[in-house]
Amino acid sequence: MTRERLISLDVFRGLTILLMTIVNNPGSWKSVYPPLLHSDWHGCTPTDLVFPFFIFIMGVAVSFAMPTKTFDSTTFNKILVRSLRMFCLGIFFNFFAKIQLFGLEGIPLLNGRLIITIAVGYALMGNFSSKVKNILAFSILFIYLFLAYSGIEAYQSVRLPGVLQRIAIVYFVVSLLYLKSNQRTQIIVAAILLLGYWAVMALIPVPGIGEANFDKGTNLASWIDSILLKGHMYRETITWDPEGILSTIPSIATGIIGLLIGQLLHRSIPKNEIAKKMAIAGITLIIVAQIWSLVFPINKSLWTSTYVLYTAGLATTCLVLLYYLIDILNFKKGIKLFLIWGVNPMIVFFFSQIIPQGLVMVQFENPHIPGEQINLLNYLYSFGIAPFFGNPMTASLAGALVYVGIWTFILWIFYKNKLIFKV
């Protein structure tokens, strides 16, 4: 049994997923407006809000998904399997471009990869019995790990961490914490995680490097990644991973803060009072984050404790504004678009990253430059979108918005037919 859906939360989720799709799919990565890029290191751009907002929203949603705090083997198994399914979906993104099939190349290889994608997507999002879900999730995870560490050349450098992997871990911990503890304990755990992470990063020397620091590639989190994830990290960073091991610990606190806000939303007090408490909480978190950032910078890649408080504060503030407008004032004009995006986040997460990879695999001779090869994704953008804009950054944003438009149509069909895909 689940509680009645909170419309403002679905809208907030839709806004977040929509922004994620825009920032992840520009027409050209060479021409992007700065707010649509991650901060180079310290600092926080609008793009840096997407990931923590989604974890925060997930934390809020946990209390809606499990209104009766009953913990037994069945409940634990559901949480574990859902976490594993998310984890496996996330890893598949990294495997897609590595898949090799009997020496196939070009379109035949793409077709093979797409068939495997559909099979994996169905296995991890299909509605099966609990036993079948268990078997499929554990089997797929075993296959991933076997391939990654088998010595097979194609998979020697496949990345193992990622966005959905971190979300899966946070979901698992936050769900168990919700069922097995009270709010006071949850606050204490979040505080210990944030203070403990700061202490570890600020006080423990980095082996082979020297003093503790928060610099790129030389901090303790980077060192741990280089030891435990060697060869299986983000290709742009190589020696460390932005969704690495140590930095996953404070991200759990992001989920806990969302969980606390979710429980506040269930309190038997007037909605105006709930909104007031949420607003105070959000502003307080932002202020504390700004003060603490003087010694512990706000940084997404390190997922610093100040980044947790700052982004959770902004997320709380955004949610309370939507809550006040939609659930208190009952103002629902113009929210349909975001509802369509908000109720089906997993299907967007999964396929919105697979489709561009597939289009890149379709190579052919550039009809405008004889002898030069071009992929389908670049062709569609270069000759179907970019010529209509004088500013390359505007053209790049237009490319992202066209992709959003295509997904909006797909999600509208799902919404109209009440098709909701979950793990």
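From a predicted model like this one, the values you see are computed outputs, not experimental measurements. We number each residue from 1, following the sequence as shown.
- By the side-chain contact (heavy atoms from CB on, under 4.5 Å) test, Asn375 is found to be paired with Val360, Gln363, Leu377, Asn378, residues two or more places apart in sequence or in another chain being considered.
- Remark: Arg82 qualifies as a cation-pi partner of Tyr171 under the 6.0 Å distance and 45° angle criteria applied to the six-membered ring.
- Between the CD1 atom in Ile257 and the OG1 atom in Thr311 there is a gap of 7.5 Å [rounded to 0.5 Å].
- The ring-ring contact (aromatic ring centres under 6.0 Å, His included) test applied to Tyr307 returns Trp303, not counting sequence neighbours.
- Between Lys230 and Asp225 there is no salt bridge, since none of the side-chain N atoms of the basic residue sits less than 4.0 Å from a carboxylate O of the acidic one.
- Under the side-chain hydrogen bond (donor to acceptor under 3.5 Å, both in side chains) criterion, no residue pair touches residues 273-297, with sequence neighbours excluded.
- The shortest distance between side-chain heavy atoms of Val158 and Leu147 does not fall below 4.5 Å.
- For Asp72, the side-chain contact (heavy atoms from CB on, under 4.5 Å) criterion is met by Thr70, Thr74, Thr75, not counting sequence neighbours.
- Just one of Leu179, Val173, Val174 meets the side chain to side chain contact (heavy atoms under 4.5 Å, CB included) condition when paired with Ile79; it is Leu179.
- No more than 12 heavy atoms of other residues, nucleotides or ligands sit less than 6.0 Å from atom CG of Asn127.
- Classification of the Phe414-Phe421 ring pair by plane angle, with boundaries at 30° and 60°, yields perpendicular.
- Every residue was checked against the ring-ring contact (aromatic ring centres under 6.0 Å, His included) condition with Phe331, not counting sequence neighbours, and none meets it.
- Legend: side-chain hydrogen bond (donor to acceptor under 3.5 Å, both in side chains) pairs involving residues 335-353, not counting sequence neighbours, sorted by first then second residue: Trp341-Thr408.
- Within 6.0 Å of atom CZ in Phe146, 12 or fewer heavy atoms from other residues, nucleotides or ligands are found, so the atom counts as exposed in its surroundings.
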Inset, instruction - In sequence, state the C-alpha distance, the side-chain angles, and the governing distance for Asn134 and Asn77, and then conclude on side-chain contact (heavy atoms from CB on, under 4.5 Å). - result: CA-CA 8 Å; Asn134 256 314; Asn77 185 67; 2.8 Å; yes
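- The distance from the CG atom of Leu309 to the CD1 atom of Ile287 is 12.0 Å, given to the nearest 0.5 Å.
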Inset, instruction - Given ring-ring contact (aromatic ring centres under 6.0 Å, His included), test Phe12 with Phe53 step by step and report yes or no. - result: CA-CA 9 Å; Phe12 189 24; Phe53 273 21; 5.4 Å; yes
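- Under the side-chain contact (heavy atoms from CB on, under 4.5 Å) criterion, Leu141 pairs with Leu84, Phe87, Cys88, Ile91, Leu145, not counting sequence neighbours.
- With contacts defined as side-chain heavy-atom distances shorter than 4.5 Å, the pair Ser73/Phe76 does not qualify.
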Under 3.5 Å donor-acceptor pairs involving side-chain atoms of residues 314-324, not counting sequence neighbours:
from	atom 1	to	atom 2	distance (Å)
Thr316	OG1	Ala312	O	2.8
Thr317	OG1	Gly313	O	2.8

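- By the side-chain contact (heavy atoms from CB on, under 4.5 Å) test, Leu37 is found to be paired with Trp29, Val32, residues two or more places apart in sequence or in another chain being considered.
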Inset, instruction - Before giving the answer on ring-ring contact (aromatic ring centres under 6.0 Å, His included), spell out for His266 and Phe64 the whole-Å C-alpha distance, their side-chain angles and the decisive distance to 0.1 Å. - result: CA-CA 9 Å; His266 297 315; Phe64 284 84; 4.2 Å; yes
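- We find the NZ-CG distance between Lys216 and Asn299 to be 9.0 Å, quoted to the nearest 0.5 Å.
- Scored by the salt bridge (charged side-chain N to carboxylate O under 4.0 Å, His left out) test, Asp48 finds no partners at all (sequence neighbours excluded).
- Residue pairs meeting the side-chain hydrogen bond (donor to acceptor under 3.5 Å, both in side chains) criterion with at least one member in residues 382-405, sequence neighbours excluded, are Tyr33-Thr394, Tyr403-Trp407.
- Looking at Tyr144 and Asn94, their side chains never come closer than 4.5 Å, going by heavy atoms from C-beta outward.
- Rounded to the nearest 0.5 Å, atoms CG (Leu136) and OH (Tyr122) are 9.5 Å apart.
- Counting heavy atoms from C-beta on, the side chains of Leu265 and Ile274 come closer than 4.5 Å.
- Pairs of residues two or more places apart, or lying in two chains, that qualify as side-chain hydrogen bond (donor to acceptor under 3.5 Å, both in side chains) and include a residue from residues 159-169 are Arg159-Asp241, Arg159-Glu243, Arg166-Ser247, Arg166-Thr248.
- One distance of note links CG of Leu114 with CD1 of Ile99; it measures 9.5 Å at 0.5 Å rounding.
- With a 4.5 Å cut-off on side-chain heavy atoms, Lys133 and Arg85 count as touching.
- By the 4.5 Å heavy-atom criterion applied to side chains, Leu220 and Ile224 are counted as neighbours.
- At least one cation-pi condition fails for Lys300 and Phe51: the charged atom is not both under 6.0 angstrom from the six-membered ring centre and inside a 45 degree cone around its axis.
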